[in-house]
Amino acid sequence: MSVSIVLFTSDLRVHDHPPLRAALRASSEVVPLFVRDTGIASAGYAAPNREAFLADCLGDLDTALRACGGRLVVRSGDVADAVAGVAAETGADAVHMAGGVSAYAQRREERLRNVLEGQGRRLVVHDSVVTAVAPGAVTPASSDHFAVFTPYFRHWSEQRLRDVLAAPRAIRVPDGVATEGTPSRARVSGTSPGLAAGGERAGRKQLTAWLRRGVAGYEDGHDDLPGDATSRLSPHLHFGTLSPVELVHRARGAGGPGADAFVRQLAWRDFHHQVLAARPAAAAHDYRTRHDRWRSERAAARDIEAWREGRTGYPVIDAAMRQLSHEGWMHNRGRLLTASFLTKTLYVDWRVGARHFLDLLVDGDIANNQLNWQWMAGTGTDSRPNRVLNPVTQAKRYDPDGAYVRRWVPELAGLAGAAVHEPWKQPGPERAKYAYPDPIVELAEGLERFRRARGLD
DNA sequence: GCTTATTTACT
DNA sequence: GTAAATAAG
């Protein structure tokens, strides 16, 4: 008669869950445990949209566990203390959990290992739960991680992934383990009105629909802003309600150029995770400095505010920023454009933008968010420091009829076609009809400031 | 075998 | 411009 604990973190599912399977194999009784980590709030990482989505996920996980005779135990507090407490109460001899990559996750794992080993218990950390290919599983000859995507992707693609694990059929939880119960989404305030629903069942339904109907058009459609033809699976990947290993297997099974392009995006996710695992400081500091002297937040306060609120006077930027606040999610092309605009055109520190995204994005993820921001800011792994995206050119390319802008910027709904991307070109009397701001900065002016600051010519 | 130049490709 | 692969020492 032995007891194991499964500590759920960013893996809120029962399908394809190596820690859960390992615990069930090792022990006759298992405690599925989630700790509402008070440290996340004090680290400034908590956000209402993710709190609400998390509540859905925990409720659904509890339901799935109950369906096979178990339940989810929820506690609050410091993770190491809470887990040690449950371990002492139940006499568990091992704790199984997924490996994480952030500095926070690495610290958490270390503290947990110390406290458990002090009690004579084991911590077992499992790979390929949060990513398909584990960080460090492939490395170049001269470094502990890849800094260029293309060679990483070649190696990543050659990795043999483990088989997908079935959901458990039966779970016995020891009697009398106290739980706080799962939180309610309804009690989270300050969420985006159009926030998606969380939970493994919702994620699996979405995945099936995506593979059946969406993925085939992904290669052609992924950058089409109004078409909205991306998978929207990012929140489920962030909370682990879907398994990246299973996604890769099933997408490869679907086949075709759309599936290949989609799998490539999943590899980008793993790429950023392996960078952060090796360089956890990159969440807060330049991966490779360009010696920027960003405009101070004080000096740029009005520009930053306009950017956050979606009133920069560049319609596609404002549309994307409003989509973010309304849905807690933004189209990937919008993320690139708004990040380029903040860091290059306004020359504001990428950390300011990354912070705002983390405050709102339901899929807000330290590895992907921080490193993609750095990628766009030119301080990351990318080797092109002077890449600047022109919001007008890009808008005409990826929103040729202006439908995306009109959807999110109703003030401009009266402007037909691509004219909506340049409202300042309307003749004076026409323009007065639209309660929409003039551009807060000239593109050429911003570009010049940026190039001067970077010493580019 | 190991270090150092050259080539290649780059969301 | 730069990282990785390859060729050369």
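Heavy-atom basis, side chains included; hydrogens, waters and symmetry copies ignored. Everything numeric in this text was worked out from a predicted model, so none of it was measured.
With sequence neighbours left out, A:S325 forms a side chain to side chain donor-acceptor pair (under 3.5 Å) with no residue at all. Under the rule for a side chain to side chain contact (heavy atoms under 4.5 Å, CB included), the partners of A:E219 that lie at least two apart in sequence or sit in another chain are A:P257, A:A261.
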Reading 5' to 3' through nucleotides 1-9 of chain C, protein heavy-atom contacts under 4.0 Å coded B for base, S for sugar-phosphate only, - for none: BSSSS----
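Contacts between residues 335-357 of chain A and DNA chain C, defined by a heavy-atom separation below 4.0 Å, involve no residue at all.
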Which atom pairs, donor and acceptor, lie under 3.5 Å between side-chain atoms of residues 133-153 of chain A and protein residues at least two apart or in another chain?
| residue | atom | partner | partner atom | Å |
| --- | --- | --- | --- | --- |
| A:S143 | OG | A:H145 | N | 3.2 |
| A:S143 | OG | A:H145 | O | 3.1 |
| A:D144 | OD2 | A:R279 | NH1 | 3.2 |
| A:H145 | NE2 | A:Y287 | OH | 2.7 |

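More than 12 non-hydrogen atoms from other residues, nucleotides or ligands lie less than 6.0 angstrom from CZ of A:R162. Residue A:E305 qualifies as enclosed at atom CD: its count of foreign heavy atoms under 6.0 Å is above 12.
A tilted orientation is assigned to the rings of A:F8 and A:H17, their planes being inclined by 30° to 60°.
Using modelled atom types and a 3.5 Å distance limit, the side chains of A:Y404 and A:D228 yield no donor-acceptor pair. Using modelled atom types and a 3.5 Å distance limit, the side chains of A:R333 and A:Q394 yield a donor-acceptor pair.
When ring centroids are compared, A:W350 and A:F357 stay outside the 6.0 Å threshold.
Nucleotides of DNA chain B that come within less than 4.0 Å of any heavy atom of chain A span, from the 5' end to the 3' end, B:dC10 to B:dT11.
At least one side-chain heavy atom of A:R452 sits less than 4.5 Å from a side-chain heavy atom of A:E448.
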